[in-house]
Amino acid sequence: FFNTPPKNENTAMPPPPAAGVVFPLDDQGKRSTTSINQGAFAAAAKAIDPKLAASVTEEKKWRGKYTKHIGAHVEAGLKTPEAAIKSAQAGLDYLHTTMQCVR
């Protein structure tokens, strides 16, 4: 408490550098969770239902409308155990290749 400098714009500290598993930087230099989330669901859906994957990819308001796509994705994955596994693997593969590890 006593060693804390007063807060004003002149003493603002930059955030610490990213470390560990992180979201990749977007074209604006930010780490967007929304685009990665949408991409993972699109990849998972594509493995079992290309039309559903297109619907996920084309959704412009993902943050507000993702629930309908996730419900449809769950239904598609419930058709067979193989569909569920194939979808899960595709989503995990997407995340494995998209997420970054910073040391």
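Side-chain atoms of Thr97 come within 3.5 Å of backbone N or O of Tyr94 as a donor-acceptor pair.
A continuous path of hydrophobic side-chain contacts links Val56 to Val74 [ILVMFWY only; heavy atoms under 4.5 Å]. When the side chains of ILVMFWY residues are joined at heavy-atom separations under 4.5 Å, either directly or via intervening members, Leu52 and Trp62 end up in a single hydrophobic cluster.
In terms of heavy-atom proximity, Ser87 sits nearest to Ala44 at OG-O, 3.1 Å. Contact record, Val22 with Met99: O-CE, 3.5 Å, taken as the closest heavy-atom pair. The two atoms that bring Ala90 and Ala43 nearest to each other are CB-O, 3.5 Å, heavy atoms only.
The shortest side-chain heavy-atom distance between Lys65 and Lys60 does not fall under the 4.5 Å cut-off. Taking the side chain as every heavy atom from C-beta outward, Val21 and Gln100 never approach each other to under 4.5 Å.
To the nearest 0.5 Å, atoms CD (Glu75) and CD1 (Ile70) are separated by 12.5 Å. Interatomic distance, Lys61 NZ to Thr34 OG1, rounded to the nearest 0.5 Å: 14.5 Å. Considering NE2 of His69 and OG1 of Thr57, their distance stands at 9.5 Å, rounded to 0.5 Å. The CD1 atom of Ile48 sits 8.0 Å away from the OG1 atom of Thr80 when rounded to the nearest 0.5 Å. The OG1 atom of Thr98 lies 10.0 Å from the NE2 atom of His96; values are rounded to the nearest 0.5 Å. Here the CG atom belonging to Asp26 is positioned 6.0 Å from the OG atom belonging to Ser32, to the nearest 0.5 angstrom.
Applying the side-chain contact (heavy atoms from CB on, under 4.5 Å) rule to Ala53 yields the partners Ala45, Lys46; only residues at least two apart in sequence or on another chain are considered.
Residues in residues 36-55 take part in these ring-ring contact (aromatic ring centres under 6.0 Å, His included) pairs, two or more places apart or across chains: Phe41-His73.
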